[in-house]
Each structure stands twice: as C-alpha cells, then as structure tokens.
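What follows is a single structure, written as structure tokens, with notes after it.
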Amino acid sequence: MGTKKYGKQMKLKSQINQVIKEAFSKAGIDHEPMSVTDASKAEFGDFQFNGAMALSKKLGKNPREIAADILNHLDLTGVLSKAEIAGPGFINLWLDPLWIAAQCENALKDSRLSIEKRETPVKVVVDYSGPNMAKQMHVGHLRSTIIGDTLANLLSYLGDDVIRQNHIGDWGTQFGMLIAYLEMIGEDGSVSLKDLEQFYKDAKRRFDADEAFADKAREYVVKIQSGDAHCLALWQKFIDVSLGHCEEVYDKLSVHLTRDDVRAESFYNDDLPTVVEALRAKGTLQESDGAQCVFLEGDEIPVIVQKGDGGYLYATTDLAALRYRAQKLEAGRIAYVVDARQAGHFKQVFRVAKEADFVAPEVMLEHVGFGTMMDPNGKPFKTRDGGTVKLIDLLDEAMVKAKDAIKDKESYSQQEIDALAKIIGIGAVKYADLSINRESNYIFNWDKMLSFEGNTSLYMQYAYARIQSIFRKYDGKIEGEIIIGDALEHRLSTMLLRFEDVLNRAAVDAAPNQITTYLYDLVTLFMRFYEQNPILKEGVDEKMKMSRLLLADLTAKTIKQGLALLGIQVVDKL
RNA sequence: GCACUCUUAGCUCAGCUGGAUAGAGCAUCGGUUUGCGGUACCGAAGGUCACAGGUUCGAAUCCUGUAGGGUGUACCA
C-alpha cells in the first residue's frame, strides 16, 4: 500500500493519453495518437483506446498487431493497471485502484476538488439575459438568463476572466410613449409601474386613442434622443424601475447579474455614427434604397447599419458592442447567449465585425443559441389567453408547487419552508432547462421537473441530503483512506475523477447539459453503491466504513459543486 | 423561392472529436433477508436512430438527395 506517492494531478483523460503517447513513442509509431474515450461498457474497463484500427492503413499492418505493439509498450505501473485487446483492435484500459484512491483522497483535501484553474486565463465576455426595459421579463428571457449565468459561473470557476454583460433594451421609439404616459399620470411611477405589462398596455391604448398624446409621445422620442433633460430624467426614472423588476427576478433565480454588468443599448449611442464612419472608411459601406448597408459575399440580404431616415439599427448597436468588447474590454472570447432564431443575424454581424477589423481575427465570437420553451402540447409557452407568461409569476408558482415536495412540513417554521421551497422550486426550473440540449426546443412540464425520479434537481438534492444524513447519524471523526473494494466502488471513484474533464468539455461547448448528465450518472452510481455497500450497518469493517464515508463525502461535494455551477443550491435536509 | 435547423423506444430526452450488442427517465409488468432517509434499488419488455444512397475497416454521428416539422428572410430588437 505504499505506492500512493502521486502528486496532485488531474485531467484524467490527458493523463491516460500521455501514457498512450509514451507507448507510441517506445513502439516507434510515428503518429499522434487519438484521444482515449470512455469505455462504452463497464466490462470493457474504464477507458478505451480505438486508435489502432485507424492506423491500420497508414502502417500497413492489421489493427490487432498494432494494438499488441502498443500494449507491449504500455506502462502499467502508474495510472493504469491493466489493458486488454478486444474485438478488431480495441484496447481496453483499467485504472489502477491505488492510483484512483490516491486521486480521490487528494480531491477531498482540496477545496476545489483538485480542479485546476487555467494557467493562462482568457478574457471572456458573456452576453446574456438582455431584457427589454419596456416590458416585464417573461419566460422568453429565462433560458438566456440561466444558461448565460451558468456559462459565466463555469468559465470563471475554471479560471477564465469572465465579464458579464447585460445588454438591456432601453432605447427605441416605444420609450417616447412610455415616458409621456408616465408624465401624464403624474406620480413618481413606483405604483403604476408595479405591473409594467399593464402600464405598457395602458400607454398603448392611450396612444392609439388620443391623437394629442400620440404626438407628444413621438415628440418625446426625438427629445430623449437629442438629450432633453426633462425627458431624459423621465426616461431614467422609468429604466430604474424596470431594471428593479429584473433584479427581483435575478435575485429569485440566484443569478449573478448586477447593475455593474449592465451595458445597455443606450451605452453605445455615441458610438453608432463612428461605427458607420469606420465602415465607410473601410470602403465596405454601400447605399441601397437610401439605407447604408454592408453586402457580404454570398449573402442575399445586406446588413443595414443606418436607415434611410438616418436612424440606426440593432446591427449597428451590436457592432458597436463587439468593438467595445474586443477593443476596450480586450476580450478573447465573446459569447452571446441568445435565442437560436437570431443565428443569421449574429453570423452576419460577426462577419462584418471581423472584416472591418473591429475584432481581431483570433478573437472567438460565438452565438450560444438555444431553442424555444414549449408547453406540454409542444406549442410555444403562453398563458391561457395567449399572452406571455411573466417570469416572476412562473417562479412564484414554482415555489408554491415545491412546497409539496417537502417531507415533514411540521418540523419546519413557515420561514424555513419558504426558504426550502425557493431552493427546490427554482432549482427545479433551472435544472429542467439546463439539463436538456441547449439547441433544441424543450417542453416545460411541472410534474416532470418537480419529480424525485429521473434526471431532476430534486433527485440530486435528495441524494445530497441523504448523504448528509449519513454524516449526521455517524457523527464522528472520519479518518482513514479510500480502499477500492469492489467494482462499484471502482466505478464510483473513477466517475468522481471525471468531473474536471466534464467541466472543461462543457465550458468549451457551452453546454450545461453535459454537467447535468454527469451529475445524474454520478448520483445513480452512488445510489447503487450505497444500496449494495452498507456504510453504517453493524458488522461493516472499520476501514471499509471510513473508506465508504470518504467516498460519500467526495460524492456529496461533487454534487454540491456541480449544482453550484448551475446556480442551484443544496440542503442538508429535505 | 432561398437559407438555417430538427426528426433516436408509446412519451420526454442522452448519445462527447465516427468505434464493440444505440442508452436513461416516465408509463407498463415483475422483484428487493423490518430498508444507514423505500421520494430508493434490481430486473423484464420496448428502437429498421424519418427514408434512400454514398464515404469508411467501422456511421445515430460525416456527405448527397427525398419526405415531414420548426425558424429566419433589408430599413423592429
């Protein structure tokens, strides 16, 4: 048992790849080996190397021969303990239980679970949420808000320098109407603005019915744009209140957006003429039907940056924002967490920005698109009368429904129940969204998301609480080492070590569902382990008890950390 | 019209850079020495991965075409 001398080193796959690479070199194979993959079945080991088949043609040898050659030079003294050739030339790999155990023990000692921070952080702008100040946040903002926040959490955790940007919509003709109405009502606005949706409707009704009011609204649009102090003050008041509504939602969602992250549309106002000028100077600008356009090679439709009447458009603002982010913020990666329907728009804007040198060629521009939220019938999510569902109402409903999931309500105070309901309810809504492939549409289903069964936040939270209950019951010192006793312990501990790779992969792909899939697999495995390998029961050997407690502890910590990245909390008791 | 995208079990979804007999959950059926939280665990059944070609040693995955759905398509954002 004296071989646990391995340092703190993770990135599981890359370590195994390193072993393979060394074998290649010793065997004199002058090719870069492909990466190992997770074994497709437990009986095939922990990982598998499939590169022998691919090399067959290049080396003019049959794949099993090549596999044998690699295997003969494979170092089975450190990370790996066993390797076998199977089928046409697969190499199945088993990790060394001692090595696994040592790695898990190291992870337990480290507050970051041995997850390394990137040595050279990338400055990443994550643009998400972006609500329109004229209206209340509705379900359409949910996905951007929580996917974006998760991405920001994740990248930040992995060591990137994350800059959150909330590109709120605070500019445009509708604000003339809204502030004219605000002024007409004459109060400070805080009362009537309680329900922005209603306020908007009232203003619109007035606008349509009252010609004088409509004129005033139009006049006010011009006045805000020309910097009229009175109108700007009204406008500012309105934005403040509206942003306050958003913050209420962010707070409920435990989303880390603050006023410091706000870079509103209006922030770029002064830049818009210079963006157009810069494009003109580049010679990419062309007039068409009175509008200033950029025609991109191969695209039918131009990017219009200035209207015939001289006004600017959202493409102009996006270009200004891109330039600001690339040049002022010095971002190396800019991610837009926006509805997939805007794919075409971003594709064009990104191209223009690069071609105009607003953004250096090496800067990664990505549209992190996502699908639409549907009702259980597969239709876009709406209220019964066809209106949009206010996000705050949806979240409140989630908390109400969540109360049913609490086990012994009698043993909690009302306050505790409310706090629990928030953690459960909001967690369920977020998890349901984050656990499906970002790019596809998803069907919103209360019963499913608030179930204890399947890949849900409650199943995770339950597993976590159950582990905590083991520790409450044990209530003693945990001292000892991890012993990999059986196949399930082997699989569980290996799974625990995969966490870092999963996070890195999810960060690259901007895919939160890779994290949830992992957590679900981990918890399922733990539940099986726990069922089969008693921890506190009579007759369990003391050393095994300690080992299992340690594994349970690391599992709980991994669940907690994984959920934390998704912005979901855990509780010790459910 | 053109462009983009999707189609995997009855339902909801995984399936990572192509790899072995395509995986989960729900629903259905059956099981678990009073079980450390049974809101759990185990098992059975269930798929021509829309269809047809192609590339490859190997395709749900890559390419082409067909059918069906969704979305976008110049002065809204």
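In what follows, chains are A, B, ... by sequence order, proteins preceding strands, each numbered from 1.
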Do the side-chain N or O atoms of A/K545 get closer than 4.0 angstrom to the phosphate oxygens (OP1, OP2) of B/C36?
no
Would one find a side-chain N or O of A/N533 under 4.0 angstrom from OP1 or OP2 of B/C36?
no
Check whether the side chains of A/Q48 and A/N50 place a donor and an acceptor atom closer than 3.5 Å, and report yes or no.
yes
With no angle test and no hydrogens, is the base of B/A74 tied to the side chain of A/S288 by a donor-acceptor pair under 3.5 Å?
yes
Would you mind classifying the nucleic acid contact of A/A343 as base, sugar-phosphate or nothing, using non-hydrogen atoms under 4.0 angstrom?
nothing
Between A/Y314 and B/A74, does any side-chain N or O lie under 4.0 Å from OP1 or OP2?
no
When all nucleic acid strands are considered with a 4.0 Å heavy-atom cut-off, which category describes A/I304: base, sugar-phosphate, or nothing?
base
Sugar-phosphate only, base, or nothing, as touched by A/N437 at under 4.0 Å among non-hydrogen atoms:
sugar-phosphate
OP1, OP2 of B/C42 versus side-chain N and O of A/R528: anything below 4.0 Å?
yes
A/F90-B/A20 aromatic stacking (under 5.5 Å, under 30°)
yes
Kindly indicate, with the supporting measurements, whether the criterion side chain to side chain donor-acceptor pair (under 3.5 Å) is fulfilled by A/D46 and A/H490.
CA-CA 9 Å; A/D46 300 312; A/H490 184 101; 2.8 Å; yes
What is the distance from CE of A/M374 to P of B/U5, rounded to the nearest Å?
18 Å
Where the side chain of A/I436 is defined as all heavy atoms beyond and including C-beta, which of B/A77, B/A14, B/C41 is the nearest nucleotide?
B/A14
Residue A/Y462, side-chain heavy atoms: nucleotide from B/U12, B/G19, B/A40 that is nearest
B/A40
If you look at every strand shown and take non-hydrogen atoms under 4.0 Å, does A/N513 touch a base, only sugar-phosphate, or nothing?
sugar-phosphate
NZ/NE/NH1/NH2 to OD/OE distance under 4.0 Å, A/K61 and A/E65
no
When rounded to the nearest 0.5 angstrom, what distance separates CE in A/M137 from CG in A/L196?
12.0 Å
May I ask whether A/F44 stacks on the base of B/A20, given the cut-offs of 5.5 Å between ring centres and 30° between planes?
yes
Taking only side-chain nitrogens and oxygens of A/R341, does any of them come within less than 4.0 Å of OP1 or OP2 of B/U5?
no
With a 4.0 Å cut-off on heavy atoms, is A/S40 in touch with a base, just the backbone sugar-phosphate, or nothing at all?
base
With sugar-phosphate meaning primed atoms plus P, OP1 and OP2, does A/A511 contact a base, only sugar-phosphate, or nothing at under 4.0 Å between heavy atoms?
nothing
Have a look at A/Q48 and say if it touches a base, only the backbone sugar-phosphate, or nothing, with a 4.0 Å heavy-atom cut-off.
base
As its Watson-Crick or G-U partner within any shown strand, both distances under 3.5 Å, B/A50 has B/U66
From the options B/C41, B/G70, B/G15, select the nucleotide whose nearest atom is closest to the side chain of A/E531.
B/C41
Basic-acidic side-chain contact under 4.0 Å: A/K13, A/D38:
yes
Among the nucleotides B/G37, B/A24, B/C75, which one has an atom lying closest to any side-chain atom of A/K307?
B/C75
Want to settle it: does A/G308 or A/Q468 sit nearer the 5' end of RNA chain B, counting the closest nucleotide to each?
A/Q468
Nearest to the A/I301 side chain among B/C75, B/G15, B/A74, which nucleotide is it?
B/A74
Can you check whether A/Y312 has a side-chain N or O nearer than 4.0 Å to OP1 or OP2 of B/C75?
no
Does a side chain donor of either A/N513 or A/S435 reach within less than 3.5 Å of an acceptor in the other side chain?
no
Would you mind classifying the nucleic acid contact of A/G169 as base, sugar-phosphate or nothing, using non-hydrogen atoms under 4.0 angstrom?
nothing
Please classify the nucleic acid contact of A/Y474 as base, sugar-phosphate, or nothing, using heavy-atom distances under 4.0 Å.
nothing
Base, sugar-phosphate alone, or nothing: which one does A/T37 contact when heavy atoms must sit under 4.0 Å apart?
base
Any base atoms under 4.0 Å from A/M53, or only sugar-phosphate, or nothing? Heavy atoms, all strands.
base
A/P534 side-chain proximity, nearest of B/G70, B/C36, B/A20
B/C36
Counting heavy atoms from C-beta on, name the nucleotide in B/C2, B/A74, B/U17 closest to the side chain of A/E300.
B/C2
Counting side-chain heavy atoms from CB outward, which of B/A74, B/G37, B/G25 is closest to A/I470?
B/G37
Closest-nucleotide 5' rank along RNA chain B - winner of A/C293 and A/K41
A/K41
Which part of the nucleic acid, if any, lies within contact of A/D339, taking any heavy atom under 4.0 Å across all strands shown: a base, the sugar-phosphate backbone alone, or nothing?
nothing
Tell me if the aromatic rings of A/Y268 and A/H167 count as close, with their centers under 6.0 Å from one another.
yes
Is any side-chain nitrogen or oxygen of A/N50 closer than 4.0 Å to OP1 or OP2 of B/G58?
no
Classify A/A54 by what it touches in the nucleic acid, base, sugar-phosphate, or nothing, heavy-atom distance under 4.0 Å.
base
Over-ring placement of A/R466 relative to A/F526, 6.0 Å and 45° cut-offs
no
Look at all strands and tell whether A/Q342 reaches a base, only sugar-phosphate, or nothing, counting heavy atoms closer than 4.0 Å.
base
